[in-house]
Amino acid sequence: MDDGATEGDVSADRVIAELLDMGFEFDKISQAIGVVGPRRADVLEFVLSDSGNGRRKPSRESQGRHSVSSNAEACSSGRHSVSSNMEARSSDDGNKLANRRRRLKQLSITDHLASNTGCEKGSCGEKAITSYPYLVASNDPGVPISDDMCSALKPESQVLLANSRTESDRRDKISLVLQKHFGFSCVKGFQQEALDAWCAHKDCLVLAATGSGKSLCFQIPALLTAKVVVVISPLISLMHDQCLKLAKHGISACFLGSGQPDSRVEGKAMSGKYKIIYVCPETALRLMEPLKKLAENPGIALFAIDEVHCVSKWGHDFRPDYRKLSVLRENFSSSKLKFLEHDIPLMALTATATIPVRADIIKSLKMSEHTVIVLTSFFRPNLRFTVKHSRTSASAYGKDFRELIDTYSNSRNFMGKKQKALHEINPDSESSSYESPDDTMSDDEDTYVDSTSHVDNNFDKTKVGMPLRNENAENELDVYPGVDDFDVTCGEFLECTQPENFASSSQSNKTSSSSSEIVDQGPTIVYVPTRKQTVELANYLCKTGLRAAAYNAKMPKSHLRQVHEQFHCNALEVVVATIAFGMGIDKSNVRRIIHYGFPQSLEAYYQEAGRAGRDGKLADCTLYCNLMRAPTLLPNKRSGEQTKAAYRMLRDCFHYALNTSVCRARILVKYFGEEFGPDRCHMCDICINGPPQMHDFKEEAVVFMNVLQAQSGQPAEDMGCSSIPRCISGRRRFGEVPNFRVVVSYIREKFPRFATTDRIWWEGLARILEAKGYIHDAAETPRVLIQCPELTEAGLNFLSSQSEEEGLYAYPDAAILLAMNDPKPISTSSEWGRGWADPEIRRQRLAGKKMGRRKRKRHSRNQSTGFTTAKQRLAEILSKRRR
Ligand SMILES: Nc1ncnc2c1ncn2[C@@H]1O[C@H](COP(=O)(O)OP(=O)(O)OP(=O)(O)O)[C@@H](O)[C@H]1O
Ligand SMILES: [Mg+2]
């Protein structure tokens with residue numbers, strides 16, 4: 001539901017709600033409605049163009065004329081309200097609005113092309129789209145692509161693999177098509193392995209690093225036979241990008257999303273007109289029968305399932321429809337389809353599957369028991385991983401993004417000076433075909449200018465946003481992006497008659513020296529957890545002069561496509577996105593991936609970080625996160641088991657961030673089950689800074705573990721015995737549950753020397769003891785932090801066998817270091833509790849601070865019912881023991 005005739009009926013409230021959901025600020029939306037009326041497209045256009053850069057501030061007059069409350073009339077007649085508001089604007093603005101509205105209404109790639117050809121000189125639309133002689137079609141039945149054209153464009157390099165007699169013959173043919181279509185001299189080892197499996201008609205699971213070139217494994221087969229390759233892919237944006245590249249490489253392709261089908265493109269796809277058909281899982285399931293016909297004639301060479309981790313419930317990006325793809329193996333076997341000589345091979349590919357996920361993929365897709373597993377190293381030697389502590393709130397933007405802003409500003413100033421110098425040497429020389437907004441600035445100008453100076457008609461500046469209201473809070477996260485993330489449902493891309501000239505560029509999206517490119521530094525993607533933050537941070541960066549755009553799943557699909565295009569043609573410096581942006585994006589020169597807040601898993605982190613440095617050059621992957629606060633699980637529908645797995649993944653991610661002693665690249669590849677050969681990467685913050693000094697935690701550990709032991713009801717004499725009760729939180733009597741907070745506050749109260757230690761410090765100690773196997777979390781669903789610490793047998797042994805001399809040495813983690821360096825309490829309650837063991841402090845505090853109402857109530861209730869708190873109960877147990 002983007003825009004349309006019914007839009008005028010949409011109430012202002014609904015428009016407000018929708019735009020709030022996208023991350024825009026309430027004030028801005030209501031201001032827009034006041035100016036342009038309640039039509040969604042107009043409001044959207046207003047907030048987009050106004051976007052905090054002062055491009056078009058509403059006149060007082062127009063503001064006075066309309067307000068949200070006075071829009072009842074306008075609501076019933078959106079058209080009227082727009083036209084009357086248009087009068088209040090200049091005709092120039094009116095034209096811009098009309099153009100923008102036209103763009104918002106595009107439903108097809110063709111429309112999109114038509115609008116992009118109008119892009120100003122050298123802009124991305126021209127560069128990325130119109131300069132390539134491929135044809136596109138879409139829902140629009142008016143696009144003239146005849147069947148003759150399709151057949152005429154059949155590549156003459158289409159060698160029948162069946163003719164290859166020997167293995168070397170086959171490999172020669174592979175090299176030939178690789179060189180001809182992609183410009184690469186040889187296939188990589190793992191690509192060859194996957195191709196060998198395909199040639200042997202075997203199913204294959206390809207597990208290879210992000211950016212390693214998995215796509216070629218299923219694209220080459222399309223060039224080696226007369227048959228078609230069907231690729232299942234999770235996002236339109238991903239399918240679109242790949243089709244676009246294939247067309248440039250002289251290979252015809254189409255994509256079929258899950259939206260309204262285009263019978264023409266679909267029909268041609270099912271009759272074998274394209275070498276490669278990209279299809280989303282839903283559509284693949286719908287097209288079972290036509291696919292069977294396709295398998296008969298001209299034949300299906302291969303089913304490739306890209307981003308196959310989406311199959312697994314235990315992966316980071318589960319999509320239920322992926323799981324139903326087992327029908328492919330069931331239906332396309334030689335036993336089911338008698339005309340098949342062999343089963344049609346399945347090739348499943350991903351960069352982010354842990355060992356349990358791999359097993360789940362093979363089982364769920366019912367892949368053959370002879371499935372070949374092609375596994376390469378997950379190590380990306382050019383990625384430099386760093387973790388930085390930050391509150392990751394708006395107040396920290398200035399500090400955290402200073403370096404990024406400086407990087408682009410300096411680079412632009414340098415480029416500006418270089419161009420100016422060139423121009424002075426040769427005034428007739430062709431200047432930049434992209435009208436850089438900065439061209440309007442003098443060299444001496446401060447780079448932190450008001451972003452009004454960056455006006456660019458071609459460039460839809462980022463959106464502005466303000467805090468979402470509380471009632472929208474649960475909607476503000478993109479759990480996972482839907483398939484149809486663009487405003488086009490399908491498209492066809494016919495091969496260029498002349499594949500791209502590889503002498504000049506072996507990668508279609510490689511940064512060239514084209515003057516139209518404004519990102520000298522390579523673009524940056526910043527991942528933030530909420531939609532609101534995409535808008536907020538993008539707006540902040542725009543205000544500092546950067547070319548930034550927000551991207552989240554709730555934004556108009558036309559906008560999302562535009563951001564993709566501008567990102568790919570280097571017109572954007574920064575994209576601030578939720579997880580909706582990222583999967584499979586193959587842009588060679590992304591230099592920085594910044595995660596501003598915890599990702600939900602290391603799989604997601606590695607997948608998103610993998611967008612960086614795909615040209616093999618050095619790239620930075622920096623995670624900013626609040627190390628003093630455990631990350632929270634994003635709401636999603638999960639079974640009990642899935643919740644446990646989700647917490648486990650989040651905990652691994654937290655531990656990765658807190659780590660102070662192990663190379664980060666090592667942790668990441670080990671996470672995917674790989675033994676890391678080089679020992680360390682020599683680049684990450686840990687390798688560069690070295691680990692902190694080891695600390696002897698014995699004294700605190702003994703106290704902590706003794707309290708746990710007392711709490712579990714074990715008499716001191718029993719310390720050596722192995723019968724530690726395996727308690728399950730909730731099954732025990734209240735007070736016997738080993739609650740971490742209760743234990744820590746008890747220690748701080750009873751042991752004056754620990755009175756000022758922070759809870760965060762003890763959380764760190766608990767992690768160390770857990771890693772050593774001395775304690776475990778007895779909670780039914782362990783979360784990120786240890787909730788119910790319980791001694792293990794090894795912990796009991798440690799307590800009973802400890803000698804005076806031996807220490808318990810370990811590296812303090814980042815949270816312990818922060819707590820030690822900055823002993824300020826984190827919460828006011830811990831401040832209040834500090835020094836509580838001292839009777840004088842206690843007396844003063846009780847006298848000075850009135851008990852809160854709730855506390856007082858609870859206190860009096862406990863007094864009357866004889867109910868004891870967990871802490872009191874623990875004290876009782878310990879005092880009994882002492883007696
Ligand atoms: N044999 C090869 N030689 C040189 N470059 C290659 C080769 N194969 C692929 N590439 C390049 O590697 C880049 C990444 O390829 P691709 O997008 O297939 O990666 P991927 O493994 O699918 O990554 P992701 O897991 O992030 O989706 C592409 O730009 C491609 O041109
Ligand atoms: Mg890929």
Side-chain angles (χ1 to χ4, degrees), residues 171 174-195 204-223 229 231-235 237-251 253 276 278 304-310 315-317 347-353 357 374-380 382-383 499-500 502 505-512 522 525 568 579 581-590 593 603-617 619 621 668-669 672:
R171 294 196 173 189
I174 291 173
S175 295
L176 199 76
V177 294
L178 187 73
Q179 176 65 47
K180 171 166 181 170
H181 286 276
F182 298 96
F184 302 135
S185 49
C186 57
V187 286
K188 296 182 182 179
F190 85 91
Q191 291 169 335
Q192 187 62 58
E193 279 180 51
L195 289 169
C204 175
L205 174 59
V206 182
L207 303 151
T210 50
S212 56
K214 291 182 287 298
S215 315
L216 270 193
C217 300
F218 56 77
Q219 287 167 347
I220 289 179
L223 302 169
V229 168
V231 185
I232 321 291
S233 181
L235 294 173
S237 55
L238 182 52
M239 298 190 234
H240 175 273
D241 284 356
Q242 295 217 348
C243 287
L244 191 56
K245 277 188 196 144
L246 287 170
K248 287 191 255 170
H249 291 309
I251 304 160
I276 303 187
Y278 282 86
I305 306 176
D306 202 10
E307 308 292 354
V308 74
H309 57 272
C310 297
H316 63 103
D317 205 358
M347 187 185 281
L349 310 98
T350 178
T352 52
V357 170
V374 176
L375 181 66
T376 66
S377 174
F378 290 93
F379 180 42
R380 295 272 315 266
N382 63 322
L383 297 189
E500 208 167 57
F502 300 111
S505 157
S506 64
Q507 286 191 36
S508 53
N509 60 4
K510 210 165 200 162
T511 315
S512 73
I525 306 174
H568 277 292
I579 56 164
F581 188 76
M583 200 155 27
I585 283 182
D586 180 36
K587 177 163 172 56
S588 61
N589 66 336
V590 177
I593 298 290
E603 284 104 311
Y605 181 66
Y606 178 77
Q607 146 73 29
E608 286 152 6
R611 302 311 101 206
R614 288 162 86 95
D615 52 8
K617 296 181 190 161
C621 302
L668 285 170
V669 300
F672 291 106

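Remember, it's a predicted structure, so these values are computed and weren't measured experimentally. Both counts, for ligands and for their atoms, begin at 1 and track the order of listing.
- Here CD of Gln191 is found 7.5 Å from OG of Ser212. Values are rounded to the nearest 0.5 Å.
- Ring planes of Phe218 and Tyr278: perpendicular class, angle over 60° (limits at 30 and 60°).
- Short contacts between ligand 1 and Leu216, defined as distances under 4.0 Å to a heavy atom of the residue, involve ligand atoms 7 (C), 8 (N), 9 (C).
- Counting only non-hydrogen atoms, the option in Phe218, Phe190, Phe184, Phe182 that gets closest to atom 11 (C) of ligand 1 is Phe184.
- Taking CG of Leu195 as the start and CZ of Arg171 as the end, the distance is 9.0 Å to the nearest 0.5 Å.
- If you number the atoms of ligand 1 from 1 as listed, the ones under 4.0 Å from a heavy atom of Glu307 come out as 27 (O).
- The OG atom of Ser237 sits 8.5 Å away from atom CE of Met239, with the distance rounded to the nearest 0.5 Å.
- In Gln191, the part holding a heavy atom less than 4.0 Å from any atom of ligand 1 is the side chain.
- Inclusion of Gly213 in the set of residues having an N or O under 3.5 Å from an N or O of ligand 1 is warranted.
- No part of Ala208 comes within 4.0 Å of ligand 1, judged by heavy-atom distances.
- Close approach of ligand 1 to Ala351 (heavy-atom distance below 4.0 Å) involves ligand atoms 25 (O).
- Looking at Glu307 and Lys214, their side chains never come closer than 4.5 Å, going by heavy atoms from C-beta outward.
- When heavy-atom distances to ligand 1 are checked against a 4.0 Å cut-off, Ser212 comes that close through both its backbone and its side chain.
- Taking every non-hydrogen atom of Ser215 and a distance limit under 4.0 Å, the qualifying atoms of ligand 1 come out as 16 (P), 17 (O), 18 (O), 22 (O).
- Applying the 4.0 Å criterion to heavy atoms of Ala209 picks out, from ligand 1, the atoms 21 (O).
- With rounding to the nearest 0.5 Å, the separation of CG in Asp586 from OG1 in Thr210 is 10.5 Å.
- Remark: ligand 1 and Thr210 share no N or O pair separated by less than 3.5 Å (distance only, no angle test).
- The side-chain hydrogen bond (donor to acceptor under 3.5 Å, both in side chains) test with Thr352 is passed by exactly one of His316, Gln607, Glu603: His316.
- Put simply, the side chain of Asp317 reaches to within 4.5 Å of the side chain of Met583, judged on heavy atoms.
- In terms of polar-atom proximity, Ile585 is not counted as a contact of ligand 1, lacking any N or O under 3.5 Å from an N or O of the ligand.
- Contact analysis puts Arg611 in contact with ligand 1, with a non-hydrogen atom separation below 4.0 angstrom.
- Taking the six-membered ring where tryptophan is involved, the planes of Phe182 and His249 are tilted, since the angle between them lies from 30° to 60°.
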